[in-house]
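Structure, as structure tokens:
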2 protein chains.
Amino acid sequence: MPPPSEPLTPERILAATEEVLRRHGAAKANVVDVARALGVSHGSVYRHFATKAELRGAVTKRWLDRTTALLADVVAGSEAPTAKLRHWLSALFDAKRHKAGDDPELFATYTVLTTEQGGVVDAHIDELIGQLTVILQEGVAQGEFAIEDLPVTARALFEATAHFHDPVHAPEWSRPDAQGAFEAVVALVTRGIAARPA
Amino acid sequence: MPPPSEPLTPERILAATEEVLRRHGAAKANVVDVARALGVSHGSVYRHFATKAELRGAVTKRWLDRTTALLADVVAGSEAPTAKLRHWLSALFDAKRHKAGDDPELFATYTVLTTEQGGVVDAHIDELIGQLTVILQEGVAQGEFAIEDLPVTARALFEATAHFHDPVHAPEWSRPDAQGAFEAVVALVTRGIAARPA
DNA sequence: CGGATGACAGATTTCAATATCTGTCATCCG
DNA sequence: CGGATGACAGATATTGAAATCTGTCATCCG
């Protein structure tokens, strides 16, 4: 067992945990394996994360935050509000669909993680709805959207498109008509918030 | 074992199966118990249903058809299209919410059944979307709705409201803000199909 | 003779013994 | 002395032998 060449940081532990999850799946990934991958005893891992659940929660947050960051770029862009909203929803659907389709095993692993880490997911969802709120706010300011209650509408938009981002619906994302169904829902909700021509 | 007082019909078998499912749950319900409840041998049950899966599928269909029938009354009513659409969506959400909330164990049982009986559920969904299509059709005819592709929009409406009828979202139906969230989504999609004032 | 029966084989589930894992902490090491 | 270690107790998961269930069919009964 070679001594660790670098100091043991939460960051290194998270990277190793991701790797163990990728290799062994959610059910068989355990703390001892993570420690072994790092060349330390499992007691050392517990110095940085109080429980296995906390460790898994941190990895889950990391995974979700990658999508949040991706979408933040869309929010920060300079498109017109309607285009930006469509872009944001497409980017969300695309990101999820690719995660699910490109590596189904890994996606299944993270589906288990998100299911057990409800709080982390709730925070992630709140962040996404926050991004939506920003886009809607811009649209109202520029006269493209007519919205009474911004936070409520942002949440409604998110829930109305759940079919295309909630992992429980992942099996349906690979259907041939998924893209068409997505566009139909986007068209529906987009019209739902559009300001009527003055 | 008293001889059956009435002839053994699919109908009687289904009623007995429902009862066994209610008593024992989806995991422990078995064909022998159904037969015992009817006072016959399990071989006799297999004369009417080829497999256990077929029997469970038939019970599942029955359960789903009760909701379909309920909603058909709304479709057959004489409300104005927008009101009828809201009424139909409310009735669907209410029916599901009550099934889930009033008897959680039974709901869990049928959740297992619907999960394993994908085809039966798909047919049920197609029926519901058919009902939606009728309402939308009326709305277009009466000038309340502006819709390009009727079947596609009907499906989009159904998917946009999935949060409030898909059993995978049942845990969220008992949240205090569920009704408000529902109304927000309904408002959103209703505006999305409304004809613009001429 | 048409329909019900129950013994049966193979598939599935249950259960308890066994093995592994989580989380703690007294001890060790640089 | 701060951080790593690994032995340990209780919790959780695995395993395989035993029990139950599904689906068939030769036989029986009215």
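Residue numbers begin at 1 in each chain, while the letters A, B, ... track the order of the sequences.
Among the atoms of the strands shown, base atoms are found under 4.0 Å from some heavy atom of Val32(A).
Distances shorter than 4.0 Å separate some side-chain N or O of Ser44(B) from OP1 or OP2 on dT5(C).
Along DNA chain C, the nucleotide closest to Gly43(B) and the one closest to Gly43(A) are compared, and the more 5′ of them pairs with Gly43(B).
Residues that satisfy the salt bridge (Lys or Arg N to Asp or Glu O under 4.0 Å) test with Glu148(A), not counting sequence neighbours, are absent from this structure. Taking the salt bridge (Lys or Arg N to Asp or Glu O under 4.0 Å) definition, one finds that Asp65(A) meets it with Lys61(A), sequence neighbours left out. By the ring-ring contact (aromatic ring centres under 6.0 Å, His included) test, Phe145(A) pairs with no residue at all, sequence neighbours left out. By the side-chain contact (heavy atoms from CB on, under 4.5 Å) test, Val74(A) is found to be paired with Glu79(A), Lys84(A), His87(A), Trp88(A), Ala91(A), residues two or more places apart in sequence or in another chain being considered. Contacts of Arg86(A) classified as salt bridge (Lys or Arg N to Asp or Glu O under 4.0 Å), with partners at least two apart in sequence or in another chain: none. Shown here are the ring-ring contact (aromatic ring centres under 6.0 Å, His included) partners of Phe164(A), two or more places apart in sequence or in another chain: Phe93(A), Phe182(A). In this view, His165(A) and Phe158(A) satisfy the ring-ring contact (aromatic ring centres under 6.0 Å, His included) rule, not counting sequence neighbours. Looking at residues two or more places apart in sequence or on another chain, you find no salt bridge (Lys or Arg N to Asp or Glu O under 4.0 Å) involving Arg175(A). Residues passing the side-chain contact (heavy atoms from CB on, under 4.5 Å) test with Tyr46(B), sequence neighbours excluded: Val31(B), His42(B), Lys52(B).
Counting only Watson-Crick and G-U wobble pairs whose two key distances fall under 3.5 Å, DNA chain D forms stems of three or more stacked pairs at C:1-30 with D:1-30.
For the pair Glu105(B) and Arg23(B), the salt-bridge criterion is not met [side-chain N within less than 4.0 Å of a carboxylate O].
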Where do N or O atoms of nucleotides 12-18 of chain D meet protein N or O atoms at under 3.5 Å, pair by pair?
none

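Contact annotation: side chain of His42(B) to base of dG23(D), donor-acceptor pair present below 3.5 Å.
The Tyr46(B) side chain lies nearest to dT22(D) when the options are dT24(C), dT5(C), dT22(D). The side chain of Arg47(A) has dG3(D) as its nearest neighbour among dA4(C), dG23(D), dG3(D).
Using a 4.0 Å cut-off on heavy atoms, the residues of residues 50-63 of chain B that approach DNA chain D are Thr51(B), Lys52(B), listed by number.
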Under the side chain to side chain contact (heavy atoms under 4.5 Å, CB included) rule, what do Asp94(B) and Arg97(B) come out as? Steps first, then yes or no, please.
-> CA-CA 5 Å; Asp94(B) 267 19; Arg97(B) 196 168 27 174; 3.0 Å; yes
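Here dG6(C) presents its P atom at 15 Å from CG of Leu38(B), a figure rounded to the nearest Å.
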